[in-house]
Amino acid sequence: MQSKKFDPKVFQLGYVALGTPDIERAKQHYLQNLGMTEVALGDDGSVYLSVGYNHHDLVLRPAAQKALLHVGFQLKPHITTADFARDVRETGLAATVKTDSQPGVAELVEVEGPGGLVIQFYDAIEASVPGFKQTGASPVRLGHVAIINPEGDKVIAFFKDFLGFVLTDDIAGIANFLTCNREHHVVNLVKAPESRVHHIAFELRDSSCHGIAADALRAAGVNILWGPSRHTAGHNVASYHHDPDRVMVEFYTEMDAFIPELGMSEPRPWHEHLPMKPRSWGHTELNAWSTDFAFNLATG
Ligand SMILES: [Fe+2]
């Protein structure tokens, strides 16, 4: 399957929407500790937060309990929402075209995926450019999302067979890394009997910023759960913390660059395998540096 033409229907993750029981507390974390900017308030009380360029990268909506509401991906320019919706319906999944359902996105297709996963696809998002902050971790972009889903195999099949993602690695067959662009992973689909977000991941400007981000978090009383340390799958230098709702947030740099034409990642001095082709890592092989950690990536 890896040899078929790499031509995904989408090219990047756009945003993640989370339900939160304390929207003010959650919002302040992303504003103060990450340096995001509030750009809009929705009719339903949702707040729209931007890293610095796109209208939004994160949506927080009031909810009785924390929840993964939906994730958004941007369609390739030549794919219309009408054609995309038709193609989705032919797979047997429900797809609804929505106009003006959220600020910044005029039209989107909402798909009810397997296991309760709601995915939105859009061809354009407003570039409202609130600017990048110089406070907190100040990431440069939202890079990937890790999702736990009880129908993981069906979700993986949707991403691979329908959307055209390629599988770049897995960890013990549980965490499955897939990409639609040159980054090693844009989604990490975790097969487990739950339906929730595992973590959302923001890219920092470079690896020297991990210390700055960790200092900013600790100054705000936020513990670092793991890292900064280098992963095996993806080889990103990553650190994790919980937001106020205990949603895990990753900061990362130095993610492997995947070359679909060669079916391998760009060679790096720290790769354990050359060529670094997609492989299945053991569940004890999370850390390329073999530093101690007490963190279960499958259930954290
Ligand atoms: Fe991650």
Side-chain angles (χ1 to χ4, degrees), residues 12-18 30 34 51 57-58 68 71-73 117 137 139-149 152 155-156 159 165-192 194 196-207 209-210 213-214 217 222-243 245-258 265 268 270 276 278-289 291 293-300:
Q12 66 180 2
L13 173 67
Y15 50 83
V16 174
L18 303 172
Y30 291 99
L34 274 75
V51 164
D57 305 275
L58 181 67
L68 172 62
V71 295
F73 291 91
L117 178 62
V140 293
R141 57 189 280 270
L142 175 72
H144 65 268
V145 59
I147 298 166
I148 305 178
N149 191 283
V155 179
I156 292 166
F159 274 84
F165 281 58
V166 291
L167 186 73
T168 51
D169 269 323
D170 73 76
I171 297 175
I174 298 170
N176 300 272
F177 300 88
L178 296 108
T179 190
C180 60
N181 56 36
R182 289 263 165 168
E183 268 201 309
H184 176 272
H185 54 280
V186 178
V187 291
N188 173 1
L189 299 174
V190 180
K191 293 193 278 186
E194 290 183 82
R196 64 179 176 90
V197 66
H198 184 284
H199 65 267
I200 57 177
F202 296 89
E203 186 177 10
L204 301 180
R205 59 189 78 182
D206 65 48
S207 289
C209 294
H210 276 294
L217 289 175
V222 179
N223 292 338
I224 312 299
L225 301 170
W226 187 90
S229 193
R230 189 183 298 286
H231 276 305
T232 48
H235 293 89
N236 38 323
V237 177
S239 76
Y240 298 83
H241 70 273
H242 278 141
D243 83 357
D245 293 321
R246 293 183 66 79
V247 170
M248 202 149 57
V249 178
E250 173 187 349
F251 294 143
Y252 74 93
T253 55
E254 300 185 29
M255 176 76 84
D256 277 349
F258 189 70
S265 290
R268 293 288 183 270
W270 46 81
M276 189 65 254
R279 68 189 305 277
S280 186
W281 301 86
H283 67 89
T284 59
E285 293 183 294
L286 292 180
N287 191 313
W289 296 341
T291 45
F293 62 92
F295 173 63
N296 188 330
L297 190 61
T299 60

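Below, all heavy atoms of this structure are taken into account, side chains as well, without hydrogens, waters or symmetry copies. Atoms within a ligand are numbered from 1 in the order they appear, just like the ligands themselves.
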Atoms of protein origin (N, O or S) under 2.8 Å from the Fe ion (ligand 1):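 Counting only protein N, O or S atoms under 2.8 Å from the Fe ion (ligand 1), the list reads H144 NE2, H199 NE2, E250 OE1.
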Shortest non-hydrogen separation from [X] to [Y] and the atoms involved:
| X | Y | result |
| --- | --- | --- |
| S239 | G227 | CB-C, 4.1 Å |
| Y30 | L18 | OH-CD1, 4.4 Å |
| H184 | T168 | O-OG1, 2.7 Å |

Side chain to side chain contact (heavy atoms under 4.5 Å, CB included) involving E203 - partner list, sequence neighbours excluded: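 Partners of E203 by the side chain to side chain contact (heavy atoms under 4.5 Å, CB included) criterion, ordered by chain and then number, come out as V140, R141, E183, Y252.
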Aromatic contact, H231 with Y240 (centres under 6.0 Å):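 Between Y240 and H231, which both carry aromatic rings, the centre distance is below 6.0 Å.
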N/O donor-acceptor pair under 3.5 Å between D256 side chain and F258 backbone: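 No, D256 side chain to F258 backbone: no donor-acceptor pair under 3.5 Å.
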